[in-house]
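All remarks here apply to the structure that follows.
Below, read A as the first sequence line, B as the second, and so on, with proteins coming before strands; counting in each chain starts at 1. The structure displayed is predicted, hence computed values, not measured ones.
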Amino acid sequence: MNFTYVFVLIWLAYLICSGVLLFSRGFLLARVSKTETSSCRRLSNNPNDEYFLTPEVVNEIFKDVNASSSSNLCLPQKSKVIMLVIDALKYEFGVYNENTTELLPYENKLDTLHQLLQQSPGNARLMRFKADPPTTTLQRLKGLTTGSLPTFIDIGSNFASPEINEDNVIDQIVKTDLPLVFLGDSTWTDLYPRRFKRAYSYPSFDIFDLDSVDNQIMQHLPKELASNDWQVLIAHFLGVDHCGHKHGPMHEEMSRKLSEMNDIIKSVVAGMDNETTLLIMGDHGMTASGDHGGDTDDETNALLFAYSKQHKFFTSSDAGSDNEMLQQIDLVPTLSTILGVPIPYSNLGLINFNIVPAVAVPHLSKFQTLLLHAWQNAHQIYRYFFNYALENKRTFNVEQMDKLETEFILLTHRVQTIYNEAAFKSFVRDLNMNLRDILNVCREIWVKFEPTQMSQGLLFSFLPIFFAFLLINNSSASDYAKIFKPKEVFYVFLMNIAAGVFGYRYYKNFSFKTEEHGVIFFTSVLSSVLLAFYTLRHWNSIANNWASVKRFAHMPTRLLLFSMMAVFFSNSFVIQEAKILSYLLVAAILLLVYELLLLSARLDFKNKFKWSQFLRSAAFRLILASLLAICCIRFAYTLFRCREEQGNCADFASNSTPGFSVKRPSMGKTYILAVVILVLYTTLTRLYLRSCGNLTGNSANVMLARYGPTVASICAGGHILLANSAIKNIQRTHIDAMALVIYGLLLLQIVVVSWTPLMTFVLPPKNPNSITINGRDSIVPEIFRKMKRMYEGDDAEQSYAIPVVYGLATVYSSIIISFGVFLAMLMIVVLEPHASIGLIVCIVVGAIILSIHSILRYRTATSFESCVQPTFSAVVAWFLLAHFCFFATSHQTTLSQIDWRAAFVGRSSALGQSHLISGTLVILNTFCGPIFFYCMYSLLSTETFSLFALFPSLIKSSSNSRTSNKSDAAVALSDIATEAVGFDMTRGELALYEYEDVFLGAGFKLATQLFMLQGIKIFCAMLACTIHCRHLMVWKIFAPRFIYEALATFVGLPSLIVGYLLLLRINRAVDGLIKRINKDK
Amino acid sequence: MVSRFDQQKTKHQLFHVSLSLATILICMTYMQYRRNWAHLGSFWDSLIVPIVFIGELLKVILARFFGRIEDGVLTVKQRQKKAAYFTPRELLGGLTLQFLCTLLYAFICIILGAPVLANYEQTFVLSLLMTLLTVSPTVFLLGGGGALQVCFCEKPDFVTKCEDTALHLFKYNALGGILGAWAGSVVAPLDWGRDWQVYPIPNVIGALLGSALGNIYACTHVLYACGRVYMSKKRA
């Protein structure tokens, strides 16, 4: 029937989202990964091999180092390698503090490192291991094995580890027939399936589990150390990282974990043989709160420790390598050097000789060995760099390329003439400088944008918003049925699919790079033309409606909206966005109250202002309620999460100050408060529903609404208390069961809503003189009215019996509200305790906005159509609230502050490890505000009706000035309403059903208006990114802000559609109910 | 009604607007002379509040001066009202109303993000200034009860024509002041690190500039109406 509107909404959502997607493809450009691999001639110490190292061979090589035969060499393997990767091993964890009196929990726990350094300084190295952001484990592992720079787009794909197809050191090791053994985090085996001789991999999934992976490794490690059939052994420990996430670095658990690591290191050192190099490294650091992902020094400074029993390492005086800090990409060539395998094709790092054991190569002097290594490395980098530049033209600046090439050619000449160590040292210094220049050039370039995709993305998201504004915002709700005919919409979809297929097939002919771009381009162009066509066809009515709009109407609201959009354009505004949004939200509420006050005061006090009358009026109560709402918003300040740029932020306290905070200090009160507020919320909604008469009867949804929220709130409260309690011996499955119950209840609610949504109760018509009861307050006037009609001898009244229907006055809103209760419960479980307080605070504010607005709406309405269509200020307030809720639930628009914990709620074993569910839970956590408030958006138009059905006295009070006959107020109630707005307001939401077409059209219009607001917001975010794409802060502030806004759009628009579907479903059920009652009669 | 330059009402309006503008100009000059912005938030050290106070008083006196001519044609109610102007009851009512308003503004400042307990002096100065710009002139002109009535009811019948003119202009002043103070916060989050970004200063200056803009808007309205009449007359 009215699914046409849904399809129009889907169409618009697709257009906006595809524009955003196209823009993000151009803005967050990924590096083109190359699939070529390196190979080399392996020189060997074994006389049976093809390239046996003899003095003749050496002479041959040094005759022309640049010749193709000698530029592609691998020197023999120097030693076996044990790599212990300890996730999130920060540099500070390994630094020995001489002052042993005041130790922080993480200090001096790895004292084996200190002892080894003291005993044999030549055989041990402790270095800063500098990671490139983003500092998430998956990106770091890619960087640690391919030697290339991670690009921005990779971030966030931590949940789906795809196999790496770029050349990497693991593949090279496998190709050279060196056996690999792996123990630990299964991310490795996801990245490199089938590479390892033996792999003991364990899922890194459960972030609360500090020990099980490490224990498994410890169980297998001694056995593996003893066996001699491997050349490379990799062990990846997760405990320290998980401990950071769960407790933060200042907890005693951290010292326990680090001591454990120390024991492991000790045992490995004891068990390794003389021909082995031990590398202990962290893949990234952690912030003061134990999280990671960003680019602060805390997060990027990891630790690297190298130890070799017999062979001393090369020193920095030998080769001029940095002995203080090692870039993480330098590990790959260094590892290749130690193992004698080719350096991976796309590596950009330099060999750091400080951790290469100085094993003598026969017939070669020390400086010759080093020279050969360094020169192989240089050749490899140049090959990669120039091939990349050749295949991706216009990527690099030509002048810069020329300069680099000239320098390299000079170096190739110079390398021929090196015959002593001094010459080598000066040569290697220049070479390193040159190679680092290349690295920097690449670093700059791989954040390059694609202007065509960006501009098209901007255009294609703007056009649908613009036409939707023209077409839908300027037509009246009753006209939509004429504008969007089902058949036409069907053809629109067909044409779009055809355009999509065309784009998919022929994208190359139009020089688009990907199929996706082609599809989006053709569908968007076609849809814009169609929308323009629609607009032109209905231009007459549009122009008429537009002409009747006041020229400077809603100026303050527009100002609010403008300031909200302006936030994106300044980095300081983005940093302070939480406060700005709350400032604007308070202003929006004040504006609503001011309008209401102006209106009602003019009505209530015609001549004389009386305090006593004012204090008794409904307006005063509403003012008190709005004060409560504003205080709630002010209270939410305490729930905001700070970000690094704000300064004095506890999450990012720098090392210099002793401000390392224990995670969640003294939060006991917060948990209790969260539970109390949660119970209060459930009770209040229950009371509300009961007073509406929606909890009477025994239909499925009524039963669920009667008992479900109680069960859900008990489970949610229990989950909050138990998951964060200090008691340790609670089984995880018991805690998870509570979360599972809530997931189950939401699913049940969805099933019930799609099956029998109605929450009404039809009393069998025993008594022919029964009446419709809306709620407590309206019983008396209803009876009175009924009696009066009977007294007057109304024929229609007596000819048939009116059945009693409980909860008919709130038939629409009750279902939406009870659905919202379950949705909110789910979000509360997923959110952190104090964040769930924020969510409920926002819901309270939303309820108050609804009640203020409904009274305002009724008093300004002139007809049913204007009554069902919310005022612009209320729509903006709702929109502001949805986005304010994001910040009130302790979120911040930085990439390192995503709450990954949500992915593990209720997931210990039962629900499997699907990445889809994890992603959904994280999205539900992060965007709980937009999802919740967009799903509930139809309350804005229905709540006016239910409120007046519940408190019919409001109708009287609002219009007693117009009709001064107060004598028979109760009788005239419906007449007053009819006189004021043209229909009987006392019928509550049943009136909505009577004007079904207008109501559904208005719901559609409201959804489109929110679409437009969200669309303008994301458009401004994109525009800001385009303008600021060379800004210093673009990757730190503007790009994350854009990503968050884009994700909010991607989940927000579908939630609006869900909200509209809910409305349609209820409408159909109401239709059935009324028809059934009529048939019974 | 056509408006002409030589009308009493137009004269009153123009004098009124120029008085407001002069007040704000004096404030600006004073700030320029002090050169130091930091004192704007302190109560004892800044002359902004007294200057604005005197300006508002002068406007009320101006309204009284122009009202003198109408004295002959007053109704009974208007006469009663005028007689009761200096009674203790009216004075007390007016003072209470202004005090309550100051508290309300302070509360609004706090809920809009001012620190709750710290900086109470600055909050007090800002709310005092807001009261002076919005409520005080009306209270000075009509007394406490009269002001409430004007704000919340339809136009009471004791307001004389001349008072009506003044009230109309006060409205622009108040609206401009409120919007200006609200919009003044726009500079607060910026990372420029200037000393005038500290809490009450942008809002104080915003309120002053806002009310100046409101007055300029009112002035253009008056001038435009007069100019049109003048032009049409000339053409005729």
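- A pairwise comparison of heavy atoms in A/Ala625 and A/Ile848 identifies O-CD1, 3.3 Å as the closest pair.
- Using a 4.5 Å cut-off between heavy atoms, A/Ile575 does not touch chain B at all.
- Heavy-atom pairs under 4.5 Å with chain B peak, among A/Ala587, A/Ser563, A/Pro556, A/Ser572, at A/Ser572.
- Residue contact with chain B, scored on non-hydrogen atoms closer than 4.5 Å, is absent for A/Leu585.
- In this structure, chain B has a heavy atom under 4.5 Å from the side chain of A/Ser570, while its backbone stays farther away.
- For the 3.5 Å distance criterion, the side chains of A/His834 and A/Ser890 qualify, holding a donor opposite an acceptor.
- Using a 3.5 Å distance cut-off with no hydrogens or angles, the side chains of A/Tyr583 and B/Ser185 do pair a donor with an acceptor.
- Separation of atoms OH (A/Tyr637) and NZ (A/Lys579) is listed at 6.0 Å; rounding is to 0.5 Å.
- When heavy atoms are compared at a cutoff of 4.5 Å, A/Leu559 approaches chain B solely by way of its side chain, counted from C-beta outward.
- The closest side-chain donor-acceptor pair between A/Arg1041 and A/Thr894, if any, does not fall under 3.5 angstrom.
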